[in-house]
Novice: 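Take this structure first; my questions come after.
Sequence lines set the chain letters: A, B, ... in the order given, protein chains first and strands last, and positions in each chain run from 1. Given the structure is predicted, the values throughout are model-derived calculations rather than measurements.
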Amino acid sequence: MGIRVFNVAEKHSVARDVSAILARNQGGLRSRDGRYRKWHSCDPLDLYHAPVKKHVPQDKLNIKQTLEEEARKCQWLILWLDCDREGENIAFEVVQVCTEANRQLNVWRARFSSIIEREIHQSIQRLGRPNQLFSDAVDVRQEIDLRIGASFTRFQTMLLRDAFVLDFAADGRNVILSYGPCQFPTLGFVVERYWEIQSHEPEEFWTINCTHNSDDCIASFNWMRGHLFDYTCAVIIYEMCIQEPTATVTQVRQRETLKRPPHPLSTIELEKRASRYFRMGAKQTMKVAEELYLSGFISYPRTETDSFSPETDLHTIVQDQQQHPVWGSYAQRLLDPGEGLWRNPSNGGHDDKAHPPIHPTKFSGGESSWTPDHHKLYELVVRHFLACVSQPAVGAETTVDIDIAGELFSTTGRVILAKNYLEVYRFESWGGSIIPTYTQGHQFIPTTLTLDSGVTRPPPLLSEADLMECMDKAGIGTDATMHDHIQKLLDRYYATKDMNTTRFTPTHLGEALVMGYDDMGYELWKPYLRAMMESDMKAVSIGTKNKAEVLATCLQQMKACFQDAKLNKAKLFEAMDVFFERANRPVGNEQHTFGEVVRRCDRCQESDMVLKRKPDGNFMVGCLGYPQCKNVVWLPGPISEASVTTTVCSTCTPGPVFMIQFKFRRLEIPMHFSTEHLGCVGGCDDILKQLIETCGTGSRDILGVSGRGRGSNTSSSNVQQSIPRQRTCTNCRQTGHTSNNCPSQASRSRSARSQGTNQQGEPSIPCGTCGNPCTLRTANTESNRGKKFYSCQGCNFFIWEDVYNERNAPSSNHSNRASAQSRRGGRGRGGRSGRSASNTNGGNFVSARSVTNTNGGNFVSATGEPITDRRCFICQDPSHFANVCPSRGM
DNA sequence: GCAAGGTC
């Protein structure tokens, strides 16, 4: 009895073709973890260590079932998944499902780079085993992307969405401010170019141009000095030339030049060229290419490879095209050795070891079902392929140098001797201009000799092709996903695309986010993180690094970065303030959601209880399940600092209940209490109870600020239930009055906006946002331990001490807007220059002074008037030219 | 509701 083999492919087209070929001779797992899926179920920081579970989603269960059923019937499993790292990972998912159903399965991996008969048979002959290391590398990437993406996306969305009026979206409250290791660097490229443009200061320059008409053609000579920024200098030289305008040919050089055909076509090149030649967006290009691939007309369109393997039968591919009415004759000539047109394709230097370059796989003279885009793309693929196997174009170039009054000028003319590949590759041209015949020593009077001005121009906004080039160089995304990342910028309102120019401009939102992280000093918007991950993945895939080590190291770094970002969130607020109004609506809990986990909620038993600081500066421990769960533990008012420790209370249940290190304000607590206390909110802590009894909880519900449920029916906490609360003034934190009639206010109002100390003697500064005092604190995070910062007791305002001091130094005139300006100003010149030497004709030279020789040797002005006024340009004296002007002191 | 990578 023969062996029954179960063949599994990644695409049904592969399954169809492989089975068809072999017969002639005889969905995926997704990651999730239920408990952490709801945004409010945990602190986003928890996402760095939450377990990752893989499961088969509901709508793919039928695939799993089919795999299991077939696996049970077979002895062999052959994996025909795509031959790249991602394919290897999917292969292992298939193996997992199938071997669970049939432990006896003999698992094989088929490796192939195209679905052609010969190759399929070869791969059957050379079956190997799946490569665990390739799959591991993908697991690493998946997990890092998921943790970083989810944590930062939740963080910045919950932090900013409700705090600002995001008027670009119909419902700003549903906007998602996503972060991803690919989409953010892509945004970074767009913003960086935009800043470069903003900071550009146009500078006027001057150049001398010379033309000569002869033999019915024109030569345009360029000044060897290029251009000068010094007007006086340029004028002096120009006047010297006018004084002695005879040109002498000093050198004539002739040489043969080649224009080489492009490398074989990779996905990125396909996208870039379709954008350039047809203005087809990358997304549309991939959609059409996918359809052409699925109907068999072109090879797999997602490939990094830009060189053909020596085994590829290139001639057969050309033969298929011989019958085409337009390029068929070119294909015939290619195959005719007598023509000498054939050349083996160049090697672009990239090979993904999975797919060949994109090439035609089936002839078509155009299908009736095709849209114009299908026609265009198929034509591009075919012509590109034919160009790749063609000789380069050959040209004869003539360069002529001339001398006018000691100044050198040069021109180049080109005659194309053989078009070769350019005959079929109609998308490219080779500018050739015919110039008059010159010989060395030949003299002539220029037809025109002009002094022209121009202004330096900033670079253009990034086009889709530019953006893809940036991403490609930095290794952002894959050939298959690059266009998705670009699209994501548009979907998230981070950037807009001009439909005419296909160029990208960042929106205020996009700019603010990049600015915020940039101000923190993080390069999260730069491509380095992805580049590092990519190199680590590569190391895992070849076995030089261990999967677990790479994961641990990367996540540890990103977690520290995330914690820092939380601490520095004021930077994001400041950047958003530059562009957006603050929302008037009461900010949801989301802004204050984050906190350190104290325990699992003992009431709902679903979410965590976290230590949080409320907008009024007081501390509380609340359930993240709010508003479904209103469990809350109130804490004494006089707390100045509180942080959750890793110490677990030995008494309270259900555990673990992590203890909190408190620091109390000396003046607000009875003398016999210590200012330091390691306490528990699980109900066992008598000191906390006594302090609440004596000093109150500091809750501000009496002022109508805190709206969270606080009745006796809202908490199961012993502390909260047993203690009546007292009113505490938010200014001085004493009981017995409110901030409205606080005795400290009269004396403080005048000094409210200067640096000083608060009522407790702590150094404080006035908050720039709400006016409340910001007290000086010391950071306790891993990366900033010991660093001082001011934190507002009334709002989210936060500023590092050194930054505050720098900004408030006597010479500083810093402001948020000035900061944005100076960033855009790049070199600190503050945006657009006052010297608005604007280029009034859209980038072409604006002639300042020009003279034209059309009347047999005498120069006339551009308007045709004879030039009689030959005064010195500097002093206006008609007796000399500027080059000998006495005012120059020469 | 979140990433990026596959596929359709």
Novice: Report which part of the nucleic acid A:R141 touches: base, sugar-phosphate, or nothing (heavy-atom distance under 4.0 Å, all strands).
Specialist: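 Answer is base: heavy atoms of A:R141 come under 4.0 Å of a base.
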Novice: Listed by chain and number, what are the salt bridge (Lys or Arg N to Asp or Glu O under 4.0 Å) partners of A:R600, not counting sequence neighbours?
Specialist: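 Testing A:R600 for salt bridge (Lys or Arg N to Asp or Glu O under 4.0 Å), a comparison that skips the adjacent residues, returns A:D608.
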Novice: Please determine if a side-chain N or O atom of A:H485 lies less than 4.0 Å away from the OP1 or OP2 oxygen of B:dA3.
Specialist: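 No, because none of the side-chain N or O atoms of A:H485 sits under 4.0 Å from OP1 or OP2 of B:dA3.
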Novice: Taking any heavy-atom pair under 4.0 Å as a contact, classify A:G87: base, sugar-phosphate, or nothing.
Specialist: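 Nothing, no heavy atom under 4.0 Å.
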Novice: Would you mind telling me which residue lines up with the more 5' stretch of DNA chain B, A:I476 or A:T153, judged by nearest nucleotide?
Specialist: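 Nearer the 5' end of the strand: A:T153.
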Novice: Ring of A:W39 versus six-membered ring of B:dG1: centres under 5.5 Å and planes under 30°?
Specialist: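 Given the distance and angle limits, yes, they stack.
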Novice: When all nucleic acid strands are considered with a 4.0 Å heavy-atom cut-off, which category describes A:D82: base, sugar-phosphate, or nothing?
Specialist: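 If one applies the 4.0 Å heavy-atom cut-off, A:D82 turns out to touch the sugar-phosphate alone, with no base involved.
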Novice: If you check the A:R154 side chain, which of B:dC2, B:dA3, B:dC8 turns out closest?
Specialist: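 Of the candidates, B:dC2 comes closest.
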Novice: Output the rounded distance in Å from CG (A:L160) to P (B:dC2).
Specialist: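 Rounding to the nearest Å, CG of A:L160 and P of B:dC2 are 17 Å apart.
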Novice: Of the listed nucleotides (B:dA3, B:dG1, B:dG6), which one gets closest to any side-chain atom of A:I90?
Specialist: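 Nearest nucleotide to the side chain: B:dG6.
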Novice: When we call it a touch if two heavy atoms are under 4.0 Å apart, what does A:K287 touch: a base, just sugar-phosphate, or nothing?
Specialist: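 Counting heavy atoms under 4.0 Å across all strands, no contact is made by A:K287.
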Novice: What is the distance, rounded to the nearest whole Å, between atom CZ of A:F92 and atom C1' of B:dG5?
Specialist: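 From A:F92 CZ to B:dG5 C1': 17 Å.
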Novice: For the side chain of A:R530, counting heavy atoms from C-beta on, which of B:dT7, B:dC2, B:dA4 is nearest?
Specialist: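 So the side chain of A:R530 is nearest to B:dA4.
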Novice: Grab the CD-P distance between A:E143 and B:dA4 for me, whole Å please.
Specialist: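 Whole-Å distance recorded here is 16 Å.
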Novice: Can you find a side chain N or O atom of A:T478 that sits less than 4.0 Å from OP1 or OP2 on B:dA4?
Specialist: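 Answer no for this pair, as no side-chain N or O of A:T478 is under 4.0 Å from OP1 or OP2.
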Novice: Take the protein atom CZ of A:R492 and the nucleotide atom C1' of B:dA3, then report the distance between them rounded to whole Å.
Specialist: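 The distance from CZ of A:R492 to C1' of B:dA3 comes to 10 Å, rounded to the nearest Å.
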Novice: Quick one: label A:I148 by what it contacts on the DNA or RNA (base, sugar-phosphate, nothing), any heavy atom closer than 4.0 Å.
Specialist: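 No contact at all - A:I148 keeps every heavy atom at 4.0 Å or more from the nucleic acid.
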Novice: A:F92: which residues meet the ring pair (Phe, Tyr, Trp, His ring centres under 6.0 Å) condition with it, sequence neighbours left out?
Specialist: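 Partners of A:F92 under the ring pair (Phe, Tyr, Trp, His ring centres under 6.0 Å) test: none.
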Novice: Is any side-chain nitrogen or oxygen of A:Q142 closer than 4.0 Å to OP1 or OP2 of B:dA3?
Specialist: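 Checking A:Q142 against B:dA3: no side-chain N or O falls below 4.0 Å of OP1 or OP2.
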Novice: Relative to the ring of A:W80, is the ring of A:F112 parallel (under 30°), tilted (30 to 60°) or perpendicular (over 60°)?
Specialist: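 Plane angle between 30° and 60°, so tilted.
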Novice: Counting heavy atoms from C-beta on, name the nucleotide in B:dA3, B:dC2, B:dT7 closest to the side chain of A:A150.
Specialist: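 So the nucleotide nearest the side chain must be B:dC2.
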Novice: Is it true that A:R530 and A:D145 have a side-chain N and a carboxylate O under 4.0 angstrom from each other?
Specialist: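 A salt bridge is present here (some side-chain N lies under 4.0 Å from a carboxylate O).
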Novice: Flag the pair A:E88 and A:R111 as a salt bridge only when some basic side-chain nitrogen lies within less than 4.0 angstrom of an acidic carboxylate oxygen.
Specialist: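 Result for this pair is yes, salt bridge flagged.
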Novice: Side-chain N or O of A:T157 versus OP1/OP2 of B:dG1: is the shortest distance under 4.0 Å?
Specialist: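 A:T157 to B:dG1 OP1/OP2: no side-chain N or O under 4.0 Å.
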Novice: From OH of A:Y494 over to C1' of B:dA3, roughly how many Å is that when rounded to an integer?
Specialist: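 To the nearest whole Å, that distance equals 12 Å.
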Novice: Side chain of A:P181 only, heavy atoms from C-beta on: which candidate in B:dC8, B:dG6, B:dA4 is closest?
Specialist: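 Nucleotide nearest to A:P181's side chain: B:dA4.
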Novice: Does the pair A:E290/A:K287 count as a salt bridge with the N-to-O cut at 4.0 Å?
Specialist: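 Salt bridge: no.
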Novice: Measure CZ/A:R302 against P/B:dC8 and give the value in whole Å, please.
Specialist: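 Checked: the CZ to P distance equals 7 Å.
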Novice: What is the nucleic acid contact for A:Y179, judged by heavy atoms within less than 4.0 Å: base, sugar-phosphate only, or nothing?
Specialist: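 Sugar-phosphate, no base atom in range.
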Novice: Below the 4.0 Å mark, does B:dG6 have OP1 or OP2 next to a side-chain nitrogen or oxygen of A:Y300?
Specialist: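 For B:dG6, OP1/OP2 do not have a side-chain N/O of A:Y300 under 4.0 Å.
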Novice: OP1 or OP2 of B:dG5 sitting under 4.0 Å from any side-chain N/O of A:T481?
Specialist: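 Indeed, a polar side-chain atom of A:T481 lies that close.
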Novice: Does a donor on one side chain sit under 3.5 Å from an acceptor on the other, for A:S463 and A:D466?
Specialist: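 Yes.
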Novice: Between B:dG6 atom P and A:K60 atom NZ, what is the distance in whole Å?
Specialist: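 Result: 16 Å.
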Novice: Measure the distance from CG on A:D59 to P on B:dC8 and round it to the nearest whole Å.
Specialist: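 Nearest whole value for this atom pair: 15 Å.
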